[in-house]
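The structure under discussion appears below in the form of structure tokens.
The model shown is predicted, which means the values in this text are computed figures rather than measured ones. Counting begins at 1 with the first residue of the sequence.
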Amino acid sequence: MSPIAPGTGWPGDRATPATPVARSAAGVRRLAAGSRDLPVLDARSSVCRACPRLVAWREEVAVTKRRSFADEPYWGRPAPGFGDTRAHLLVVGLAPAAHGANRTGRLFTGDRSGDWIFAALHRAGYANQATSLHADDGLALTGARMVSAVRCAPPDNRPEPGERAACAGWLEREITLVMPTTTAILALGGIAWQAALSSLRALGWSVPRPRPPFGHGTEASVTNPDGHEVALIGSYHVSQQNTFTGRLTEAMLDDVLARCRARDPGRGPVPGWDGGSGPAS
């Protein structure tokens with residue numbers, strides 16, 4: 001039955017029927033602030049109903065479905081963060097795809113964007129496999145965690161400003177919980193870049209003024225409240241609009257991931273991978 005009810009056995013679903021539900025921006029902030037760790041945050045964010053337009057859209061898509069997925073159940077809920085709970089790299093995206101994460105329940109899973117980002121993460125040594133097809137396919141990230149600025153699939157891939165503001169409570173708490181190990185943040189696209197900067201500033205991080213504009217390869221040094229510098233690096237989004245047209249290439253994506261990896265003193269270079277020429281031979 002779509003959407004998937006919490007606690008009914010979907011792979012990776014941390015929520016239960018007793019998980020509290022946020023129904024407003026204030027509710028998001030209250031429940032996010034009270035999330036003691038990432039599993040609790042994942043559970044609570046995955047049942048959020050704070051934005052009526054997004055709730056209606058994600059659930060409509062889960063019922064009507066795309067013809068090629070007509071026989072599959074759809075997650076139809078917000079997509080929580082995914083990856084290493086002690087990651088040095090935080091990858092921030094825009095929002096789940098209507099027939100990608102909104103179907104599979106895991107960010108960048110089951111769509112062409114995921115084909116690109118997970119293949120690149122695999123080349124960079126962050127992912128144990130290059131593909132991400134469904135929630136129980138064995139994919140695992142080491143040293144990296146993914147999250148989206150908006151956790152529900154939006155109509156036309158365009159969340160409204162109020163929806164982005166409401167979802168910021170989840171993102172801010174996620175950043176706080178991974179802050180002790182974070183050395184790099186990779187923002188996929190302009191909205192993710194702005195969302196990351198806004199969240200960092202709201203959390204008391206030192207952020208450059210004026211705010212640096214987004215661009216592929218743009219890098220800004222931000223400082224967390226403990227005084228540690230973190231590299232914020234921008235990348236064009238891994239959308240088909242960018243990858244099909246050549247605006248974003250494998251080499252460009254490898255380059256920014258190599259710069260992220262270089263910020264982690266505990267991880268050396270990947271054997272056979274130069275961080276800028278696509279897949280290793």
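- Counted by atom type alone, Arg151 and Ser45 present one or more donor-acceptor pairs between their side chains at under 3.5 Å.
- In terms of hydrophobic clustering, with Ile, Leu, Val, Met, Phe, Trp and Tyr side chains grouped at heavy-atom distances under 4.5 Å, Phe108 and Leu133 are assigned to different clusters.
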Enumerate, atom names and distances included, each donor-acceptor pair closer than 3.5 Å involving a side-chain atom of residues 46-56, sequence neighbours excluded.
unit_1, atom_1, unit_2, atom_2, d
Ser46, OG, Asp42, O, 3.4
Ser46, OG, Ala43, O, 2.8
Ser46, OG, Arg77, NH2, 3.0
Arg49, NH1, Glu59, OE2, 2.8
Arg53, NE, Glu163, OE2, 2.8
Arg53, NH2, Arg158, O, 3.1
Arg53, NH2, Glu163, OE1, 2.9

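- Linking ILVMFWY residues whenever their side-chain heavy atoms come closer than 4.5 Å, directly or via other members, places Leu203 and Val28 in the same cluster.
- Cluster annotation: Trp10 and Phe82 are assigned to distinct hydrophobic clusters (Ile/Leu/Val/Met/Phe/Trp/Tyr, side-chain heavy-atom contacts under 4.5 Å, transitive).
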Test side chain to side chain contact (heavy atoms under 4.5 Å, CB included) applied to Arg145 and Leu90, step by step: CA-CA 5 Å; Arg145 185 168 176 85; Leu90 182 65; 4.2 Å; yes

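- Enclosure of atom CD in Gln241 is not indicated, since only 12 or fewer non-hydrogen atoms of other residues, nucleotides or ligands lie within 6.0 angstrom.
- Pairing each heavy atom of Gly217 with each of Arg259, the nearest pair is O-NH2, 2.8 Å.
- Leu177 and Val230 end up in the same hydrophobic cluster when Ile, Leu, Val, Met, Phe, Trp and Tyr side chains are linked at under 4.5 Å.
- Within 6.0 Å of CD on Glu72 lie more than 12 heavy atoms contributed by other residues, nucleotides or ligands.
- You'll find the side chain of Tyr126 stays beyond 4.5 Å of the side chain of Phe118, heavy atoms only.
- Each of His99, Arg66, Arg58 was evaluated against Tyr74; a single residue qualifies, His99, per the side-chain hydrogen bond (donor to acceptor under 3.5 Å, both in side chains) test.
- Thr243 and Arg112 share no side-chain donor-acceptor pair at under 3.5 Å.
- In plain terms, the two heavy atoms of Ala98 and Val61 that are nearest each other are O-CG1, 3.5 Å.
- The shortest heavy-atom contact between Val150 and Cys167 is CA-SG, 3.7 Å.
- Two different hydrophobic clusters hold Trp75 and Leu94 under the rule that ILVMFWY side chains link at heavy-atom gaps under 4.5 Å.
- For the 3.5 Å distance criterion, the side chains of Arg14 and Thr19 fail to qualify, holding no donor opposite an acceptor.
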